[in-house]
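Notes follow the structure.
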Amino acid sequence: MSVSLYRVKFARTVLLLQLVTFVVIGALFALKELSWGLSALAGGMAAWLPNVLFMIFAWRHQAGDPVKGRMAWSFALGEVLKVLSTILLLIVALAVFGAVFMPLGLAWLSVVIVQIVAPAVINNKG
């Protein structure tokens with residue numbers, strides 16, 4: 001298996017784990033109240049969707065021979081777009097849709113923790 005194919009499968013696995021995390025958390029919060037469940041889903045989406053966009057951006061800029069320095073600028077630009085889109089999604093969820101802060105924050109934090117912990121767990125497993 002080529003290295004780039006392994007990286008794509010690895011990234012998809014991490015994104016799938018993040019998706020499952022915030023959907024389960026949203027369902028659990030929905031047992032308390034529907035608005036809490038929707039707020040948790042919004043928080044999870046605010047962390048997950050920018051990661052998906054970053055992965056698409058990274059895969060599209062990976063094609064061909066990387067020009068020296070281009071990879072670093074591409075990564076930095078992707079990270080800036082990811083942070084800005086996260087902030088925008090959180091503002092929209094809180095200000096426009098009136099999401100409940102606690103479930104939104106916990107779901108967002110859970111997805112971020114999965115993003116940090118999942119690679120270590122997957123690498124130790126494989």
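All residue numbers refer to positions in the sequence shown, counting from 1.
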Listing, residues 45-58 side-chain donor-acceptor contacts under 3.5 Å, not counting sequence neighbours, or none:
from: Trp48; atom 1: NE1; to: Leu15; atom 2: O; distance (Å): 2.9
from: Asn51; atom 1: OD1; to: Lys82; atom 2: NZ; distance (Å): 2.9
from: Asn51; atom 1: ND2; to: Gln18; atom 2: OE1; distance (Å): 3.4
from: Asn51; atom 1: ND2; to: Ala47; atom 2: O; distance (Å): 3.1
from: Asn51; atom 1: ND2; to: Gln115; atom 2: OE1; distance (Å): 3.1

Can you pull the ring pair (Phe, Tyr, Trp, His ring centres under 6.0 Å) pairs that have at least one residue in residues 87-116, sequence neighbours excluded?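 For residues 87-116: none.
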Members besides Ile87 in its Ile/Leu/Val/Met/Phe/Trp/Tyr cluster (side-chain heavy atoms under 4.5 Å):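 For the cluster that includes Ile87, the remaining residues are Val83, Ile91.
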Taking transitive links into account, so neighbours of neighbours count too, which hydrophobic residues share a cluster with Val80 at under 4.5 Å side-chain distance? Leu84
Closest heavy-atom contact between Ile25 and Ala107?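 Looks like CG2-CB, 4.1 Å.
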Shortest non-hydrogen pair, Ala118 vs Val14, comes out as CB-CG2, 4.3 Å
Please list all pairs meeting salt bridge (Lys or Arg N to Asp or Glu O under 4.0 Å) that have one or both residues in residues 20-30, counting only residues at least two apart or in different chains.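 Every pair satisfying salt bridge (Lys or Arg N to Asp or Glu O under 4.0 Å) with a residue in residues 20-30: there are none.
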What pairs with [X] under side chain to side chain contact (heavy atoms under 4.5 Å, CB included), at least two apart in sequence or on another chain?
X      : value
Leu106 : Phe29, Met102
Ala93  : Ala42, Ala99, Leu104
Val24  : Val20, Leu28
Ile113 : Leu109, Val117

For Ser85, which residues count as a side chain to side chain donor-acceptor pair (under 3.5 Å) partner, sequence neighbours excluded?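 Not a single residue meets the side chain to side chain donor-acceptor pair (under 3.5 Å) criterion with Ser85.
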Side chain to side chain donor-acceptor pair (under 3.5 Å) partners for Glu33, two or more places apart: Ser35
